[in-house]
Amino acid sequence: DQQVKQNSPSLSVQEGRISILNCDYTNSMFDYFLWYKKYPAEGPTFLISISSIKDKNEDGRFTVFLNKSAKHLSLHIVPSQPGDSAVYFCAANGSGYSTLTFGKGTMLLVSP
Amino acid sequence: KAGVTQTPRYLIKTRGQQVTLSCSPISGHRSVSWYQQTPGQGLQFLFEYFSETQRNKGNFPGRFSGRQFSNSRSEMNVSTLELGDSALYLCASSWDSRGEAFFGQGTRLTVV
């Protein structure tokens with residue numbers, strides 16, 4: 001039973017355009033959500049997070065939106081750059097533990 | 001500030017052997033979690049340690065075990081290795097249960 005789902009395995013975007021990565025979750029106990037970026041053979045790098053008491057969080061080119069009623073969050077990257085090409089993981093946390101439940105990732109390819 | 005350090009980076013073992021992986025968290029971080037990444041299953045939670053106590057455990061067989069020392073360094077052990085244990089093993093540390101988790105570069109384990 002996949003509690004965090006990233007339904008798009010891959011996404012291709014042109015440089016300068018917006019990249020939108022989506023994530024759905026099923027567990028109502030999740031109250032903290034994170035996005036990670038990962039290159040092959042490296043550990044995930046933290047990008048941005050959002051608490052369930054907010055519906056938006058911005059950090060530079062990255063914005064995360066949370067729709068609790070739909071159990072949906074999205075990561076917007078504007079403008080997209082070729083260096084953003086990587087696998088992006090959505091993760092969720094709840095119940096007071098550090099345990100993260102990850103989606104299976106979306107591979108983003110930003111072409112020049 | 002040093003990041004999360006995992007050793008070794010690469011390891012080749014034979015079926016039936018056992019292996020120990022090491023993780024040194026970011027200084028001051030008390031929570032250490034372990035994850036297994038495989039192409040088919042994505043990132044799956046193994047266990048979490050906080051102040052030398054296992055606080056949470058994922059759905060893995062008893063062949064997978066871990067521990068945390070008083071300096072927060074952690075080890076995980078896999079006994080009676082199987083081919084399916086081949087994966088990237090990632091360690092993450094965080095200050096507390098609500099903070100972002102920072103990952104090491106991982107240990108690539110290959111079982112032959």
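Letters go in sequence order (proteins before strands), and every chain restarts at 1. Only a predicted model underlies this, so the values are computations on that prediction, with no experimental measurement involved.
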Below 4.5 Å from any heavy atom of chain A, which atoms of B:Q6 appear? Answer side chain, backbone, both or neither. neither
Kindly state each residue pair satisfying salt bridge (Lys or Arg N to Asp or Glu O under 4.0 Å) with at least one member in residues 33-49 of chain A, sequence neighbours excluded. none
Is the NZ atom of A:K104 crowded by more than 12 outside heavy atoms at less than 6.0 Å? yes
So for B:L90, is it side chain, backbone, both, or neither that comes closer than 4.5 Å to the heavy atoms of chain A? side chain
With no hydrogens and no angle check, just 3.5 Å: does a side-chain donor-acceptor pair link B:T20 and B:N77? yes
What part of B:Y35 lies closer than 4.5 angstrom to a heavy atom of chain A: side chain, backbone, both or neither? side chain
Decide side chain to side chain contact (heavy atoms under 4.5 Å, CB included) for B:F45 and B:N56; before the verdict, give the C-alpha distance in whole Å, the side-chain angles of both, and the deciding distance to 0.1 Å. CA-CA 9 Å; B:F45 169 73; B:N56 201 7; 3.9 Å; yes
